Every structure is written in C-alpha cells, then in structure tokens.
Number of protein chains: 2
Amino acid sequence: MQKKWVTMGDVARAAGVGKITVSRALSTPAKVSAATREKVAAAVAELGYVRDDTAGALSSQRSRVVGAIVSTFDQPTFASTIRGLSEGLAQGGMHLLLGTTQYEPQTEAELVATLMGRRPDALILTSSEHRPETRALLTRAGLPVVELWELPDAPIFAAVGFSNRAAARAMTDHLVHTGRRAIAFLSTDRAHDTRAHMRAEGYAEALPGHAPRILRLPPRADATGPDYGSQGLAQIMETWPDTDAVVCVSDALAIGAFCEAGRRSLDVPGKLAITGFGDVPEVGASALGLTTIRIDGHAIGRKAAALTLAATSGQPLPERRIDMGFSLTRRASS
Amino acid sequence: MQKKWVTMGDVARAAGVGKITVSRALSTPAKVSAATREKVAAAVAELGYVRDDTAGALSSQRSRVVGAIVSTFDQPTFASTIRGLSEGLAQGGMHLLLGTTQYEPQTEAELVATLMGRRPDALILTSSEHRPETRALLTRAGLPVVELWELPDAPIFAAVGFSNRAAARAMTDHLVHTGRRAIAFLSTDRAHDTRAHMRAEGYAEALPGHAPRILRLPPRADATGPDYGSQGLAQIMETWPDTDAVVCVSDALAIGAFCEAGRRSLDVPGKLAITGFGDVPEVGASALGLTTIRIDGHAIGRKAAALTLAATSGQPLPERRIDMGFSLTRRASS
DNA sequence: CCGACTCATGGTATCGATACCATTCTTGCG
DNA sequence: CGCAAGAATGGTATCGATACCATGAGTCGG
C-alpha cells in the first residue's frame, strides 16, 4: 500500500524532534518548551498533518466517540435532540456516531453490536426497551449508557426524559375539564414503540370508568405521519360517531387529523378537539393552532451530552433519572 | 489499566486456534473449515466478543466510517437526507459520523479537520462553499467528497442535489403566470448560506426589468424559522404595501408568514400569495395548503450513500453531478 | 560543591486488529 | 507411487498513535 497519510513520525523528522515530543506538543502543549512547540507547529502546517485519532484511541483506550441510536428521524423532535447532543459533545471534543432502529429491537441489537465494535466511550439510546442480549452486551462492556425520551424505573446507567404517561394523562385531563365526554386516542401500531404505549396508558388512566377508545394503525412503508392522522380520524368517526376529542400520539398525526376534519366539515374545536404531541417550532403546530404537549428535545440532547461528558471523565453523577418535564400548550384546536 | 474488553487473542485461546484464524472466521468465513468456524462462533458467543473495528481500521487502512457535515438540523428536510444516508451506508456496513456547522465556514474548517482525524473513507458536505484551507486539506487527503443539496459547477469529487436557482425561478414564474405583479422574496441573512443566495438569484432572474424586493433578516439566537416569517412579512408589508406575493426561502418561514397574514386579516391567496421551500410531510405544509417546492431529501441521502459506497469500493463513477430535480406543488396559498 | 528536584525530551513496549508469507496436510493426476 | 496444486492454519511484522520509564541538563538549598 502506498503511503497516503502524513504520520507523526514524518512531522517529527521535519521538526527535528522525537515523535513523542510531537504527540505532547499537540496534546499537552504545556509540557513542551515554546521553541519546540513552534518548530512542531511549523512542520504540522507545512505537511498538512492531521493526527490519526483512531490510532490514538487504540493506545489510550479512549475513543472520544459516542454512539447514538435513535428510533426514527421521522419525528422532527428527535432532530433537535440530535442537534443538542452533537453541539454538547463537540464542546467536549467528542464525536457522534449515528444509527437508527426504525423501532425494531432486532435492528437495535445489531446496531449496538456494530457500534460497540467502534469502542465508543458511551452510548445514547432513544428507547428503554432492549433485548436481553443487548442488555447483556451493554452491562458486560460497562459503558455509560444514557436512555432518552423516557424515564425507566431502573435505567441501565442513566436516563434523561420525561413521563410520557403523565403527559398524555395531563392532556386527557385537560380535555375532560373543558367538557369533552367522548375522547379517543390515535396512534400508529408499532409493537416496540414504548413511548406511544406509555402515552396510551396515560390517556386510559385519565378516563376511569370509561371504555377507552384507542385506535392503532398498522405502519405502512409508503405512509407518513399525516397520512395516518387523516386515515385514523376517518376510522374513528366511523367506529365511534359521537367522538368529540382526539388525542394524537404526535403532532404529525394531529396535522393529518386536522386536515381530515376540514374535509369532513367537522368544526374544530366546536364539534371536535384535536391535540398533538411534540411541538417543534418549525413544524406548523403553532400555525395551525394545535393544542399540544411541548417537549424541549434540544434541552434533552444537551443534558444527555453533559451527562455523557461527566461520566466519561470519571465524575460521579448526582442523578441518574433526570426528568426534563413537559408543558401543555393550549391553542385553538381544543 | 485493567483489562476491559475481550480480545481476539482471548477468543483464539478459548477456541483452541490461532488468532488469525479467528479473524478469518469473522471476516471471510469461506476461507475457514466448517468445524473451526463453529468452534470460533461458540467461543465468540460464550465470551460476548465484539471485534474492535478501530484496530482493524488501523491495520487495513479502511475505517468504514463516513463523515457527514450538515449546515443545520433546523431545516427538517436535512433530517430526511441524514436518514437516507444512514440507511444506505448501513447496508454497506459503514457508519455515519456527524457534525453541524451552523453555516459558519470557520466551524466547517474545524470540523473537517477533526473528522479527518478519524480517517473516514469518505466525507459528505451539505454545502459547496469552502475555505481555501479546507479545500486544500480535502484534496490533499484524496478522499471521496460528496457535496449535497447544491450543484456546483466543479465539484471537489461529486455532488448530488438540484438547482436552487432553477427552483426559485420556477416558483417565481408560477406566481407571475398566475397574475401576481409585486412579488417579494423573504430570507434569513446568513452570509454563507449559498442555497439561500442561489434561490434569491433565481427569484430575481424571473423578474427582468423589475426592481427585486428582497428582504433578508439577520439571524438571532433566540428565533426559529416561523419567527422570521412573521417578522419578515410585517416588514415587507410596511416597506412595500402593494406586495401581492411572497416567496419564502423555506417552509418554516412560510408558515410564520402565513400566521402573520392571518393576524393582519390579509386574504391568502386573494390579496397575498405565500410560497415555501422543502415540503416535508411531517411539517404540515400540506395541511396548511402551502404552495411549495418539493425536494426529496431522503432520495438525495440514498443517492449520496450509493455514490459513496461505489467510490470507496473503487468503482468508477458514471456521473459526478447528479441532479435530483425538484417539483412545484401548488396548493391553496397561491 | 553536591545531592535532590524539576523540566524537556527520547526510547521502547503496547493497544488489537489485518497483511503477508510460510507451513502443514490433503487431494488429484500422470 | 510421487509430485504439484490447493486448502487450512499459523507466525511475525505492521498500522499510528500513547503510556511508561529513563536520561540528561539545568536549578536550588544546605
């Protein structure tokens, strides 16, 4: 193989010093005299040298890489979490290695395995349901693992999120208190979307004594959030014609439901209240006047990054379950 | 340092073979007899072994990592591009290392340098404006570099995108042909957002002989897309009261403008047409009836992944500038 | 003036894998 | 039966950095 990259040895020769001195000049400049520091800097600039951090990771046993596994990119809220993570980790000199599971535990298991192959210093998971073999792999490695967007009772290592159950419950309570009598819940039906399941439970808890009206639509490859919302509302009004409120599991579904209500000339909020979940500014929830649960995805990402940096630098963590809360934003749709 | 990870040597000992045989059993199973293959598999399972791919990268000089640098996560369309990339690369056994520049060339330069430190097999950039030192670093390394979302005349290596200029021009033409006389253009004012600049140029080209009405709002830390849209429309109607159409540089701005129009009781599309750019289903442009330019961000990501896989496996590329096109979706707002 | 100490620097082993070459053992064919 | 070809396996050097220990020069206090 022909020589492709400039190495530390090349720089050392050009600067007339030992390569270990080059290493120090780059990592811990304080330990090197000003004169050599400058010689090294000149050689680096002249040769266009970029240190090979993977080799450094091998010998120092610290990769400065964090693996992140998210369920999906389709919910735009996750994008802001990734952004927060990426920003926060960059400040600590760490990089983000990314993968998506599409809510498949099998995919998650494979991704965890391939990401571990890169020897990350920590892992971030947006899910708290894991296969036994995944858990085994994670605990065996002894890595800091931060679970996001949920608050499991016993996190593997730490968790940053909020109670999906409490949030859905709060939303349903709000509808009950504003006089709604026949409240339905609309969701996509992914077996391993625990966040959606917790929200459905929160909804049901707020309606003791009532028969819950839960519609779960099977996922289709060609459908996007709003498609499920439209189709779902149609199906709900057919099954339970007296429904006067629909709690949607996400803003995307609520947006679709909103459109369908328009097509059916159902007055919102007069005849029907519609609520969402997420509230990312860029997504038109506010423009449409959608009542929704606001989650600060960016803050979750930043907090997770801070936790990760603390854990990898050996600091003790004050807390393992960090509740970032949620807030109910009431707008015109309820 | 205490021993943390199981190594290939441990597996070899447990299986009673040489470690090179373990390597072959995992990478090229065909070169190993069925009996040893099973012994190795058993040892791997028993010890919970995960191969260290960074060490492998060091000796094979192929990291199977692709670095991606995006301008921002705030435009949800980028999220779908990242999704396409991540999916496509995963199929080729490659991983995605991510960073964001926030439209700062300085940040881009730093990110390119730190990402190169991880010795990626390729780089993906969502921008085609680069600092001279960044270009030098990139060409010196001889890496495949794929630029996304634009179509520069001379890509560093390859580009997958569409003509922002042609798209904005098509939108403006549409407005002219539907009888609009006083068309304004609304954008945020980021010096290095070349996509926005190209769109402004396309807009101006479609109005020969007219004085273009371009409003650029300075970016603020606390503002999101819709905020600029609202504020921008207010300012436009004040500066040019007879404006009867606004071409917004993104859907997020259009959504904000839409709200502001409602607050001012400006009839859309009667008195004022509003158009956007992007059209991600989850964002609700369709629900609001927004006329917009549809870009298939996911397809751009997939295509870029395919190109990257081809380039890293040494295949010749049939094309270096791939135009993924755009389509104008007319809805109620124009 | 000398021992103890700090500061700057270098040498060598090591991290965990793969590349390359060598070796052994089969197998087929003249 | 003998030899060449090929399959399976192993040994050793190597990738490019850092860790650890050693060394030599200069400084300070007794």
Side-chain angles (χ1 to χ4, degrees), chain A residues 1-40 43-44 47-65 93 114 116-121 141, chain B residues 1-40 43-44 47-65 93 114 116-121 141:
Chain A
M1 159 146 324
Q2 75 161 37
K3 189 145 187 179
K4 198 173 169 185
W5 294 91
V6 178
T7 74
M8 199 169 256
D10 299 331
V11 175
R13 206 171 314 117
V17 299
K19 58 179 194 167
I20 187 65
T21 304
V22 175
S23 174
R24 275 192 282 255
L26 295 175
S27 313
T28 48
K31 293 188 176 173
V32 165
S33 73
T36 18
R37 204 155 51 219
E38 273 170 41
K39 276 194 295 183
V40 170
V44 164
L47 298 174
Y49 172 67
V50 178
R51 181 173 54 198
D52 186 334
D53 290 324
T54 57
L58 185 58
S59 54
S60 69
Q61 302 287 50
R62 288 198 60 202
S63 64
R64 306 190 77 76
V65 162
T114 58
M116 298 248 293
R118 304 236 99 100
R119 298 293 186 266
D121 289 342
Chain B
M1 159 148 325
Q2 78 162 40
K3 189 145 187 180
K4 197 171 168 186
W5 294 90
V6 178
T7 75
M8 198 169 258
D10 298 332
V11 175
R13 206 172 313 117
V17 299
K19 60 179 193 165
I20 187 65
T21 303
V22 174
S23 174
R24 273 192 285 256
L26 295 174
S27 313
T28 50
K31 293 187 177 174
V32 164
S33 72
T36 23
R37 204 156 51 220
E38 274 170 40
K39 274 193 296 184
V40 170
V44 165
L47 298 174
Y49 172 66
V50 178
R51 181 173 55 199
D52 186 334
D53 290 324
T54 57
L58 186 58
S59 56
S60 70
Q61 301 287 50
R62 290 198 59 202
S63 64
R64 305 189 78 76
V65 162
T114 56
M116 299 248 292
R118 305 235 100 99
R119 296 295 186 265
D121 289 341

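Because only heavy atoms are used, hydrogens play no part in the values below, and waters and symmetry mates are left out as well, while side chains stay in. Quick caveat: nothing in here was measured; it's all calculated off a predicted structure. Within every chain, numbering begins at 1; the chains are lettered A, B, ... in the order of the sequence lines, protein sequences first and strands thereafter.
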Atom pair distance, as rounded to whole Å: CD1 in A:Ile20 and P in C:dG11: 11 Å

Atom pair distance, as rounded to whole Å: OH in B:Tyr49 and C1' in C:dG16: 7 Å

Which nucleotide in C:dT18, D:dG10, D:dG16 has an atom nearest any side-chain atom of B:Val17: D:dG10

Contact check, side chains of A:Asp53 and A:Arg64, non-hydrogen atoms, under 4.5 Å: no

Touch class at under 4.0 angstrom, heavy-atom based, for A:Arg24 against every strand present: base

Nucleotide of D:dG16, C:dA17, D:dA17 approaching B:Leu58 most closely (side-chain heavy atoms): D:dG16

Gap between atoms CG and P, on B:Leu26 and C:dA17 respectively (whole Å): 9 Å

Side-chain H-bond candidate by donor/acceptor type, A:Thr36 with A:Arg24, under 3.5 Å: no

Proximity to the side chain of A:Thr36 - top-ranked nucleotide from C:dT9, C:dA17, C:dG16: C:dT9

Residue A:Thr21, side-chain heavy atoms: nucleotide from D:dT9, C:dG10, D:dA17 that is nearest: C:dG10

pair B:Val50-A:Arg119: side-chain heavy atoms closer than 4.5 Å: yes

Listed nucleotide nearest any side-chain atom of B:Gln61, set D:dT18, C:dA17, D:dG16: D:dG16

Sugar-phosphate, base or nothing in reach of A:Ser27, heavy atoms under 4.0 Å: sugar-phosphate

